[in-house]
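Reading through the structure tokens given below for one structure.
We name chains A, B, ... by the order of the sequence lines, and we start the count at 1 in each one. Since the structure is predicted, the reported quantities are computational estimates derived from the model, not experimental observations.
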Amino acid sequence: MTSIGLLQIFLFFLIIVALTKPAGLFMARLFEGERTFLHPVVRPLERLVYKLSGVDETNEQHWTHYAGSLLAFSLAGILLTYLILRIQGMLPFNPQGFLGKLWSPDLAFNTAVSFGTNTNWQVYTPEATASYFAQMVGLAVHNFTSAAAGIATAIAVVRGFSRRSADSIGNFWVDLTRATLYLLIPLSIVAALVLVSQGCIQNFRAYDKVATLEGGAQTIAQGPTASQEAIKMLGTNGGGFFNANSAHPFENPTPFANFLQVLFIFVIPAGLTYTFGKMVNDTRQGWALFAAMSIVFLAGVFVVYPAEQSGNPNLTKLGVEDAATATQPGGNMEGKEVRFGIPASALFAVVTTDASCGAVNSMHDSFTPLGGLVPMVNIQLGEVIFGGVGAGLYGMLMYAILAVFIAGLMVGRTPEYLCKKIEQKEVKMAMLAMLVLAASILLFSAGGIMAHFAKGSWINPPGPGTGVLTNNGPHGLSEMLYAYTSATGNNGSAFGGFSGNTPFFNSTIGYAMLIGRFLMMIPLLAAAGSLARKKMVPVSAGTFPTHGPLFVVWLVGVILVVGALTFFPALCLGPVVEHFLMNNGKLFAFVIAGVWS
Amino acid sequence: MSERSEIRMLDLFFVVITILFFLIAWAYVRGCDRL
């Protein structure tokens, strides 16, 4: 590891620590209905939205109505996006004349679901298939609304802890509107302007055709990139305007832009931990969650960074110089941008998978086995390490419920969390959310690996399902496992080496995204509804303090043990065995090329 | 079946399975409420 790399990582973390309180305080005031500095400008607009949509902002909802509103809103958004993609040829802002037939029904389904669930799994090539209208209205709007829906759900879950003897957990439409108008839109405007200052493009021109120095012709894709890029990071969406995502110079032009982009990913999820503490009237509780998240985050960074900086021992044996010097980054630079180097790529990979962002500035498929293991594990843990906007907080609260429950079992007391008794209902709901995540990832991955398609089948080319993988052996297993992990976790990053644009994979990955999003959110809203109805119990000598270092360590332990127990066997067959085989000189390369075994 | 009507059938299929998921999710909401 280099000193400049370490400096970059610690500077990033320090800025996140510094931003957590102001961001969290603002969100706490916003969702508690207090006045913020944006009210003079935004409040009239907010009132107009309620008037036009017929929403009564004073009307609070029972958790089932809250969940019903979330489902209805998401369904409408997904169907609208499906329609936009399929008829994009008839819509404006399409200088390249992209037709709707570029989107097969299964691809349109996969993409509409992907953006409606905040996943942004992209099996299509945006600059070759999507009009500017489709990108802006079909996809980027979802970047705002799906992120706002995630924040709304997290706030509703927090209200479950903060309210006593209440039947309601807020109003979904009000939370959604406030998250969008006061938080995501203003932040995105500022972030987009900063990215433009770094060279991120923003235009509506047709693509440029230029002659290369060799005399060939090249098409340079254009478009309204900065506006999509800002919310892509802030809303932890991750869907790139271009196929290369944040490795593309128009999306991520400079190392400074890259540094800002990783900050954008974490700023809202980190702030929400403080919001949580503020709303439950004990900011120490929020900092405890922040500390637990930070421990796992830093552990991840300091596995990936050394693994990537160490490089591939087989290349070292062949005499390849892999030490970092003043003129070369050293280590494993395969699949990484020379502009960013190893530390910025390692940091980006960890941050984007800790959160449910899924933007990438390097190919995770080209990481060393241990470097690729960490992003996959981050998603499999439920993306609770700061996590997606909102999703990280409610996921972490799910683990907190389990942690106090297990601690209660050990000492034989009814567990309590934030002066609320954690009883059968809450534990059942937390376990349901946990099982849904694991079942979707493991069963779909197993199905994809075992599937075999007959000749003439329309759902997939004939042959085994593994035919969509570029590599064989454990690396191929990692590619399949990562695809369904990313989809279920609503991350959307691609490991790479997986070309599953077929009806079978588009449909199953689409369903994995829906399951991972809604079947996890619903039990947590149910737990919130149950908690909100409860009375507060006074703190006694036997109460397990949940704001101290013991709880933080316990919570981290529960997260790691539950994650390890669930996914350890699959990971052993994938990146873990690949790591040991690599150290014994065996690599798994292109199936087609067959250069190595 | 012509290619055009086949594609329309596929459109209908994907719209239906999307709506079906959300109906299942609503039943899941009711189930979680009773559990």
Heavy-atom distance under 4.5 Å to chain B: side chain of [X], backbone, both or neither?
{"X": "A:W103", "value": "neither"}
{"X": "A:L79", "value": "side chain"}
{"X": "A:I515", "value": "both"}
{"X": "A:I78", "value": "side chain"}
{"X": "A:S104", "value": "neither"}

*With chain B, which of A:A527, A:A108, A:P523 has the greatest number of heavy-atom pairs at distances under 4.5 Å?*
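Among A:A527, A:A108, A:P523, the one with the most close pairs to chain B is A:P523.
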_Residue selection (most heavy-atom pairs with chain B, distance under 4.5 Å) from A:K101, A:K428, A:H62, A:M429_ = A:M429
_Full working for side-chain hydrogen bond (donor to acceptor under 3.5 Å, both in side chains) between B:D33 and A:W63_ = CA-CA 9 Å; B:D33 196 35; A:W63 86 264; 3.0 Å; yes
What I want to check is whether the side chains of [X] and [Y] have a donor and an acceptor closer together than 3.5 Å.
{"X": "A:Y66", "Y": "A:N171", "answer": "no"}
{"X": "A:N143", "Y": "A:N120", "answer": "yes"}
{"X": "A:Q61", "Y": "A:S168", "answer": "no"}

*Verify the ring-centre separation between B:F14 and A:Y82: is it less than 6.0 angstrom?*
no
*Please state whether the side chain, the backbone, both or neither of B:I24 comes within less than 4.5 Å of a heavy atom of chain A.*
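Contact with chain A: none, neither part.
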*For the residue pair A:Y484 and A:F444, categorise the inter-ring angle as parallel (less than 30°), tilted (30 to 60°) or perpendicular (more than 60°).*
parallel
*Any chance NZ of A:K425 has more than 12 other-residue heavy atoms, nucleotides or ligands included, within less than 6.0 Å?*
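Above 12, so yes.
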*Taking B:D11, B:L10, B:L35 one by one, which has the highest count of heavy-atom pairs under 4.5 Å against chain A?*
B:D11
